[in-house]
Amino acid sequence: MSQSIQTHAMARVRHYAAQITPDQLLRSLGLPIVGIMAFLLLWSLAAPNVVTSLGTLPGPADVWEQSGNLWADYREEQQRAAEFIAMQEERNARILEQNPDAEVRIRPYSGATTFVDQIWTSLGTVMAGFLLATLFAVPLGILVGLNQHLYAAVNPIIQVFKPVSPLAWLPIVTLVVSATYVSDDPMFSRSFVTSVVTVSLCSLWPTLINTIMGVNSVSQDLKNVSQVLRLPFLTHVWKVVLPSSIPMIFTGMRLSLGIAWMVLIAAEMLAQNPGLGKFVWDEFQNGSSNSLSRIMVAVIVIGFIGLLLDRAMLVLQKTLSWDKSTATH
Amino acid sequence: MSKHNHLELSSVSMSFPVKGGEFLALDNVNLKIAEGEFVSLIGHSGCGKSTVLNIVAGLLEASRGGCLLDGKEVREPGPERAVVFQNHSLMPWLSAYENVELAVRQVFRKSMTRQQRREWVHHNLELVHMGHAAEKRPDELSGGMRQRVGIARALAMQPKVLLMDEPFGALDALTRAHLQDSLMEIQRDLNSTVIMITHDVDEAVLLSDRIVMMTNGPAATIGEVLPVNLPRPRDRVALADCPDYNQCRHAVLSFLYEKQKKVETLPRKQSSGEGQETSPSLRKTANG
Ligand SMILES: Nc1ncnc2c1ncn2[C@@H]1O[C@H](COP(=O)(O)OP(=O)(O)O)[C@@H](O)[C@H]1O
Ligand SMILES: [Mg+2]
């Protein structure tokens with residue numbers, strides 16, 4: 001049995017391998033490489049001609065060098081942190097040797113925040129904001145989609161708030177968070193909460209709208225089946241409405257995640273919240289000769305992470321959604 | 001309540017709200033169906049067959065009159081009036097087994113154990129010869145197989161009445177013949193009451209105890225009712241030469257194409273295919 005599956009799979013692989021023509025290879029690999037090379041060439045030719053107050057625009061070589069420096073900074077900080085911890089452990093061991101009952105502590109290392117740290121901060125924030133938006137938008141979208149009256153009531157609000165930019169939300173969210181999020185020992189920092197809420201507010205709309213549309217477009221036939229079976233409301237939602245609208249919900253979530261990532265960078269820049277946006281802003285303020293190159297590194301990294309997030313969503317959609325045909329790029 | 005009044009439609013009228021007033025689709029439909037009877041509804045496209053079926057199913061509420069099942073008025077849909085929809089209406093994300101199981105779990109969640117329910121699902125899939133494809137999803141099944149799963153789902157509810165809206169309409173002739181035979185067998189074994197909409201004259205004669213012929217809309221009603229007194233079990237090949245069978249066919253054809261001839265001119269290329277087995281031109285004009 002498993003043998004036959006294996007040979008079957010192998011036959012399929014061979015089948016696909018045989019299908020890749022030189023033409024396809026050129027299109028899927030050759031042409032992208034040509035495009036990237038041409039871009040790099042144009043960039044390196046054009047950059048020296050653009051003069052700014054911080055010197056000329058960096059070319060690809062400068063950016064490459066700075067990305068190496070940023071990585072080295074990170075490794076150095078890691079090294080220092082490890083040494084700092086090791087030193088404390090050594091000291092504690094010595095204290096315990098003399099007095100086994102002594103209370104020892106290890107203070108965490110608080111060095112400079114590096115580029116890599118900022119990446120992790122941004123990723124954490126965007127995931128939290130996106131999760132919050134999804135948890136809010138999907139159930140609300142299902143409720144609104146199921147009820148025509150509710151839809152008529154909510155639709156104008158959605159239409160008005162959907163196009164609002166994060167820059168407009170940010171001051172309000174900041175003020176509200178600092179007024180309401182008061183605790184002596186907060187689980188999350190205030191800046192984190194502000195970023196997360198802003199990201200959620202701006203990114204929840206595509207998920208909300210797509211969920212509503214998905215619920216609206218559940219086929220009448222399936223609703224009839226549900227009625228004939230007399231499925232209770234929650235079973236109807238769980239077994240018929242939700243699976244029916246899953247492809248649309250995922251499409252919305254993918255759009256939302258893209259928006260969330262864009263909004264986050266803007267919010268971090270504007271509010272000086274930790275993350276890649278703050279890194280860009282700090283470099284801009286810093287104004288050293290390397291700043292432009294470093295900002296460029298950040299721009300490229302931001303782009304790549306956005307791409308990776310989108311691909312990750314696509315993989316999730318492909319594994320979770322029954323309708324594979326909607327999970328395309 | 002006698003056995004002959006198992007299901008009763010009494011003075012059913014149905015009007016739909018449309019732009020600029022009301023559209024009277026059905027007017028004064030009366031029909032009594034006995035338990036275990038197989039009744040076909042036949043009529044031209046748009047005359048109101050589906051509307052009748054949906055009223056019995058409870059998916060539509062009649063504007064006037066109503067439907068009684070065992071003396072109780074039908075007010076809402078329910079599993080005792082299972083429906084086989086025209087386009088299978090299977091949940092595309094569930095396998096054949098899971099589609100049937102959804103119905104079985106809902107209907108028998110109190111009266112059967114898990115194990116019993118599982119066996120019951122398999123039993124019904126076997127009944128329509130779909131046991132081998134239980135784990136397949138609708139998009140992996142052919143049209144005929146999907147329709148069979150739809151029938152298995154309806155049968156698994158153990159309905160008092162089985163309602164079928166052109167169940168074999170979209171299938172090729174061979175698959176259709178096969179499913180008709182299965183349906184006859186199942187109906188004989190379970191003795192279920194069936195109302196089936198069809199646009200296929202041969203299908204109606206082959207399967208039915210009575211053929212209910214509907215007049216053209218608007219304000220459609222029952223024109224004629226033809227009892228089909230052919231002995232069962234019926235065999236399609238043997239029937240082809242049977243005079244009674246051909247008489248029934250003739251009666252239905254003359255109702256549809258002489259008495260209730262569609263007035264609107266349809267673009268037709270073929271000359272009459274009269275007498276030939278399920279003539280395609282007939283099906284085209286009567287296609288609901
Ligand atoms: N919801 C509706 N609103 C308006 N008219 C309808 C509606 N449903 C059916 N009709 C009309 O009622 C008539 C009968 O429809 P239907 O029962 O579907 O016909 P059949 O199944 O015999 O082809 C048709 O003329 C159709 O246009
Ligand atoms: Mg119809």
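Reminder, nothing fancy here: chain letters follow the sequence lines and each chain counts from 1. From a predicted model like this one, the values you see are computed outputs, not experimental measurements. Keep in mind that the numbers below use all heavy atoms, side chains included, and drop hydrogens, waters and symmetry copies.
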Checklist entry - Should the heavy atoms of other residues, nucleotides or ligands under 6.0 Å from OH of A:Tyr151 be counted, would the total exceed 12? => result no

Next on the checklist: Any non-hydrogen side-chain atom of B:Met157 less than 4.5 Å from a side-chain atom of A:Leu229?
Outcome noted: yes

Item to check | A:Lys223 side, atom NZ; B:Leu59 side, atom CG - distance, nearest 0.5 Å | outcome: 12.0 Å

Checklist entry - Side chain, backbone, both or neither: which part of B:Arg137 has a non-hydrogen atom closer than 4.5 Å to chain A? => result side chain

Next on the checklist: For a quick test of reading the model, state the closest non-hydrogen atom pair linking B:Ser89 to A:Val225 and the distance between them.
Outcome noted: O-CG2, 3.6 Å

Item to check | Structural part of B:Ala103 lying under 4.5 Å from a heavy atom of chain A | outcome: both

Checklist entry - Taking C-beta and beyond as the side chain, do B:Arg105 and A:Lys239 meet within less than 4.5 Å on heavy atoms? => result yes

Checklist entry - Out of curiosity, A:Leu222 CG to B:Leu90 CG, how far, rounded to the nearest 0.5 Å? => result 8.5 Å

Next on the checklist: I'd like to know whether B:Arg81 forms a side-chain contact (heavy atoms from CB on, under 4.5 Å) with A:Val228, so could you lay out the CA-CA distance, the side-chain angles of the two residues, the decisive distance to 0.1 Å, and finally the verdict.
Outcome noted: CA-CA 8 Å; B:Arg81 282 160 284 122; A:Val228 167; over 6 Å; no

Item to check | B:Glu61 atom CD, neighbour heavy-atom count above 12 within 6.0 Å | outcome: no

Checklist entry - Roughly how far, to the nearest 0.5 Å, is the OG atom of A:Ser244 from the CH2 atom of B:Trp93? => result 3.0 Å

Checklist entry - Measuring heavy-atom distances to chain A, does B:Asn87 have an atom under 4.5 Å in its side chain, in its backbone, in both, or in neither? => result side chain

Checklist entry - Does the side chain of A:Pro232 reach to within under 4.5 Å of the side chain of B:Gln106, using non-hydrogen atoms? => result yes

Item to check | Within 6.0 angstrom of B:Phe23 CZ, more than 12 heavy atoms from elsewhere | outcome: yes

Item to check | Donor-acceptor pair, side chain of A:Arg230 and main chain of B:Pro79, under 3.5 angstrom | outcome: no

Item to check | B:Arg109 portion near chain A, given a 4.5 angstrom heavy-atom threshold | outcome: neither

Next on the checklist: As an exercise, state the distance from OG of A:Ser226 to CE of B:Met91, rounded to the nearest 0.5 Å.
Outcome noted: 6.5 Å

